[in-house]
**Student:** 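Have a look at this one before I ask anything.
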Amino acid sequence: MASSTYIFSALLLCIFSLSSSSSLAKQSPRPNALVLPITKDKTTLQYTTVINSGTSRNEPGTPLVAASLVFDLGGRHLWVETDTYYCHCNSPMCYRAGSHGCSRCYSDYRPGCNADPCTLTFKNPVNGMVDTGDIASEAVFIQSTNGSNPGRVVKIPSLIISLGTRDLLNGLANGTVGMAGMGRHSVIGLPSQFAKAFGFNRKFAVCLPSSSSSGGRGVAFFGGNGPYVFLPGIKISQLTTTPLLVNPVLVADPIIYEPFVYGEKSPEYFIGVTAIKVAEKTVPINTSLLKINGTTGLGGTKLSTVNPYTVLETSIFKAVTSAFVREATARNITRVPSVKPFGACVSTKNVVVTRLGYAVPEIQLVLQSKDVVWRIFGANSMVSVHSDVICLGFVDGGVNAETSVVVGGLQLEDNLIEIDLAKNTLGFSSTLLGRQTNCANFNFTSTA
């Protein structure tokens, strides 16, 4: 496939794009915030976004090309499968990106086979593949926003990316060409790069659409101070906050990956869950599993847009599903045979449907105090698998799970979460369904 058909166009020298970045940013007024659309892929249950790319030199008449990327909340940076050019080893951008080394191609030089590029080692969390890709820089174009509507399109002249191989795309949503990493890395994480480009706060908010959104788009905001406005004029500003925790270990395994990133902290977002309740009753679990092991990085609770459902370490999974079934049975809800990958399924016969979804026992994640609780109602806990069968959307992560609780996509849908990297806090709205709106109700159709 010719390189012109790939999503990201070639850059000749990263050092030139670095030197031009600040001068280009000064040519137009800086936006206060940026906005990206988020859609849900029905086949993979992954969430995707689109970033438009052009050229660093901004030649007149050059069309923008839309790159469809899997939205990875905890991803370290943006990587893309493409034939493009690279950053020379020891260039300023290589130092900025925290390059893990340099590589050399011993065949004829061509896009994807470059002389002395600097590299980053990274992992696709969907298929588990680890790759070392050349570091590159690209001009991208993103819409600004006032929190209510999208505004003018603005340019980031020099976004740091890395280049992956085609095999890395295995398991990703059809039509995507990489992953957009929103993790907490202070240089190459997209929220940090966006903030640096325009001088706004290192803060962003995510609102994932649900499967019931009928093709509607969720939204991610970067920068700004809120409020976040959803149709019909619902302003979301008062959020419950909890500290973000830092996992001091980037990965607990794999052997191939670890030598390249030794000493790096995890880019993922961990929170301090202290207990789990079902219908206001504390589930008996080994609470030491809820703490991060400072040496190995094992344990704790993190947020993920890559896992479609919440994943629990085996003993926690068994305790939570047993408690749920017990409370459901007390409400005259009938358990039925399980449907993989779920462990607890029930008949819909005696289950009422409300604005907040199926009226089933509520699940609560207790955070830093008994008064700070993430409440999970039926819309975020149940999955319809047959016309008359619904299952608890939590899955078994195994006895050797790296992270004890991974709060997955279903549980995040139609909840607005705000990550403030400067304050190291997570704000969350709880379900927007209770406020008579949802994440698909941001007004993308009219501009500010």
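Keep in mind the model is a prediction, meaning the values are calculated, not measured. One-based numbering along the sequence shown.
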**Student:** Taking the side chain as everything from C-beta on, heavy atoms only, tell me whether V407 gets closer than 4.5 Å to T301.
**Tutor:**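 V407 reaches T301 side chain to side chain.
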
**Student:** Does the T437 side chain pair with the main chain of L231, one donor and one acceptor, at a distance under 3.5 Å?
**Tutor:**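 Yes, the answer is positive, given that a donor and an acceptor are paired below the 3.5 Å cut-off.
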
**Student:** As an exercise, state the distance from CZ of F377 to OG of S430, rounded to the nearest 0.5 Å.
**Tutor:**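 Reported value, rounded in 0.5 Å steps: 5.0 Å.
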
**Student:** Can you tell me if D72 uses its side chain to pair, donor with acceptor, with the backbone of G181 under 3.5 Å?
**Tutor:**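 Absent.
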
**Student:** Donor-acceptor pair, distance only, cut-off 3.5 Å: does the side chain of Q436 make one with the backbone of R355?
**Tutor:**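 Answer holds: no.
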
**Student:** Which atom names give the shortest non-hydrogen contact between V360 and G378, and what distance separates them?
**Tutor:**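 Closest heavy-atom pair between V360 and G378: CG2-CA, 4.0 Å.
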
**Student:** Could you grab the distance from atom CE of M382 to atom CG of N380, nearest 0.5 Å is fine?
**Tutor:**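 Here the interatomic distance stands at 12.0 Å.
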
**Student:** Compare every heavy atom of N127 with every heavy atom of N170, then report the nearest pair and how far apart it is.
**Tutor:**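 That closest heavy-atom pairing would be O-ND2, 2.8 Å.
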
**Student:** Distance check, rounded to the nearest 0.5 Å: L367 atom CG versus T240 atom OG1?
**Tutor:**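 L367 CG to T240 OG1: 9.0 Å, rounded to 0.5 Å.
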
**Student:** Within a strict 4.5 Å, meaning less than it, do heavy atoms of the D131 and N124 side chains meet?
**Tutor:**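 No. Closest side-chain heavy atoms not under 4.5 Å.
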
**Student:** Hey, does the side chain of T176 reach the backbone of G178 with a donor-acceptor pair shorter than 3.5 angstrom?
**Tutor:**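 A pair under 3.5 Å: no.
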
**Student:** Minimum heavy-atom separation for L416 to A205, with atom names?
**Tutor:**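 For L416 and A205, the tightest heavy-atom pair comes out as CD2-CB, 4.2 Å.
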
**Student:** List the steps and the verdict of side chain to side chain contact (heavy atoms under 4.5 Å, CB included) for M179 and L172.
**Tutor:** CA-CA 9 Å; M179 302 187 79; L172 299 189; 4.0 Å; yes

**Student:** Looking only at side chains, do N286 and S288 share a donor and an acceptor under 3.5 Å apart?
**Tutor:**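 Side chains of N286 and S288: pair found under 3.5 Å.
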
**Student:** Using distance alone, with no hydrogens and no angle criterion, decide if S53 and E138 have a side-chain donor and acceptor under 3.5 Å apart.
**Tutor:**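 No.
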
**Student:** For the pair Y228 and E418, evaluate side chain to side chain contact (heavy atoms under 4.5 Å, CB included) and give the outcome as yes or no after the intermediate values.
**Tutor:** CA-CA 10 Å; Y228 308 102; E418 180 186 78; 2.6 Å; yes

**Student:** For V154 and F198, which heavy atoms make the closest approach, and how far apart are they?
**Tutor:**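 Looking at all heavy atoms of both residues, the shortest contact is CG2-CZ, 3.6 Å.
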
**Student:** If we only count heavy atoms from C-beta on, is the T310 to V395 side-chain gap below 4.5 Å?
**Tutor:**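 Contact flag for T310/V395 side chains = no.
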
**Student:** If you define the side chain from C-beta out and look only at heavy atoms, does anything of K302 sit under 4.5 Å from L245?
**Tutor:**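 K302 vs L245: side chains apart.
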
**Student:** Could you tell me whether the side chain of S192 and the main chain of H185 form a donor-acceptor pair under 3.5 Å?
**Tutor:**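 Indeed, once roles are kept as given, a pair shorter than 3.5 Å links the two residues.
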
**Student:** Does a salt bridge link E280 with R375, judged by any charged N lying under 4.0 Å from a carboxylate O?
**Tutor:**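 A salt bridge is present here (some side-chain N lies under 4.0 Å from a carboxylate O).
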
**Student:** Would you kindly say whether D396 and T314 are connected by a side-chain donor-acceptor distance under 3.5 Å?
**Tutor:**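 A pair is found: one side chain offers a donor N or O, the other an acceptor, under 3.5 Å apart.
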
**Student:** I'd like a table of donor-acceptor pairs (distance under 3.5 Å, sequence neighbours excluded) in which one partner is a side-chain atom from residues 328-346, with atom names and distances.
**Tutor:**
{"residue": "T329", "atom": "OG1", "partner": "V325", "partner atom": "O", "Å": "2.8"}
{"residue": "R335", "atom": "NH2", "partner": "G343", "partner atom": "O", "Å": "2.9"}
{"residue": "S338", "atom": "OG", "partner": "G343", "partner atom": "O", "Å": "2.8"}

**Student:** Looking at S315, is its backbone amide N or carbonyl O close enough to the side chain of E313 to form a donor-acceptor pair, meaning the two atoms are under 3.5 Å apart?
**Tutor:**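 Confirmed, E313 side chain pairs with S315 backbone.
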
**Student:** Which value, rounded to the nearest 0.5 Å, describes the distance between L163 atom CG and L78 atom CG?
**Tutor:**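 Spacing of CG (L163) from CG (L78) equals 10.0 Å.
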
**Student:** Do F442 and V35 have side chains that approach each other closer than 4.5 Å (heavy atoms only, starting at C-beta)?
**Tutor:**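 Yes - at least one pair of side-chain heavy atoms lies under 4.5 Å apart.
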
**Student:** Rounded to the nearest 0.5 Å, how far apart are CG of L208 and CZ of F71?
**Tutor:**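 Result: 7.0 Å between the selected atoms.
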
**Student:** Using the disulfide (SG to SG under 2.5 Å) rule, collect all pairs that involve residues 301-341, keeping only residues at least two apart or in two chains.
**Tutor:**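 For residues 301-341: none.
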
**Student:** For T48 and D41, test the side chains for any donor-to-acceptor distance below 3.5 angstrom and give the result as yes or no.
**Tutor:**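 No, no side-chain donor-acceptor contact under 3.5 Å.
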
**Student:** Any side-chain heavy atom of I376 within less than 4.5 Å of one from F394?
**Tutor:**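 Sidechains of F394 and I376: in contact.
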
**Student:** Once you round to the nearest 0.5 Å, how far does CZ of F204 lie from CG of D420?
**Tutor:**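 So the CZ of F204 and the CG of D420 are separated by 10.0 Å.
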
**Student:** Between S144 and R152, is any side-chain donor less than 3.5 angstrom from a side-chain acceptor?
**Tutor:**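 Side chains of S144 and R152: no pair found under 3.5 Å.
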
**Student:** Would you tell me whether S211 and K40 have side-chain atoms, one donor and one acceptor, within less than 3.5 Å of each other?
**Tutor:**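 Note: S211 and K40 side chains meet the donor-acceptor criterion.
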
**Student:** Taking it one step at a time, do K277 and E362 satisfy side chain to side chain contact (heavy atoms under 4.5 Å, CB included)?
**Tutor:** CA-CA 8 Å; K277 294 183 177 182; E362 178 187 320; over 6 Å; no

**Student:** For F122, is the NZ or CZ atom of R76 found under 6.0 angstrom from the centre of its six-membered ring and inside 45 degrees of the ring axis?
**Tutor:**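 Cation-pi check for R76 and F122: fails.
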
**Student:** For T49 and P37, indicate whether the former's side chain and the latter's backbone hold a donor-acceptor pair under 3.5 Å.
**Tutor:**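 Indeed, once roles are kept as given, a pair shorter than 3.5 Å links the two residues.
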
**Student:** Minimum heavy-atom separation for S304 to V406, with atom names?
**Tutor:**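 Residues S304 and V406, closest heavy atoms: CB-CG1, 3.5 Å.
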
**Student:** If you compare all heavy atoms of G300 against all heavy atoms of T403, which two are closest, and at what distance to 0.1 Å?
**Tutor:**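 That would be O-CG2, 3.3 Å.
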
**Student:** Checking the side chain of N415 only, and the main-chain atoms of T431 only, is there a donor and an acceptor separated by less than 3.5 Å?
**Tutor:**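 Yes, because the side chain of N415 sits within donor-acceptor range (under 3.5 Å) of the backbone of T431.
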
**Student:** Can you check whether E268 reaches N247 side chain to side chain, under 4.5 Å on heavy atoms?
**Tutor:**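 No - every pair of side-chain heavy atoms lies 4.5 Å or more apart.
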
**Student:** Does the side chain of N441 come within less than 4.5 Å of L432's, by heavy atoms?
**Tutor:**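 They are not in contact (no side-chain heavy atoms under 4.5 Å apart), so the answer is no.
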
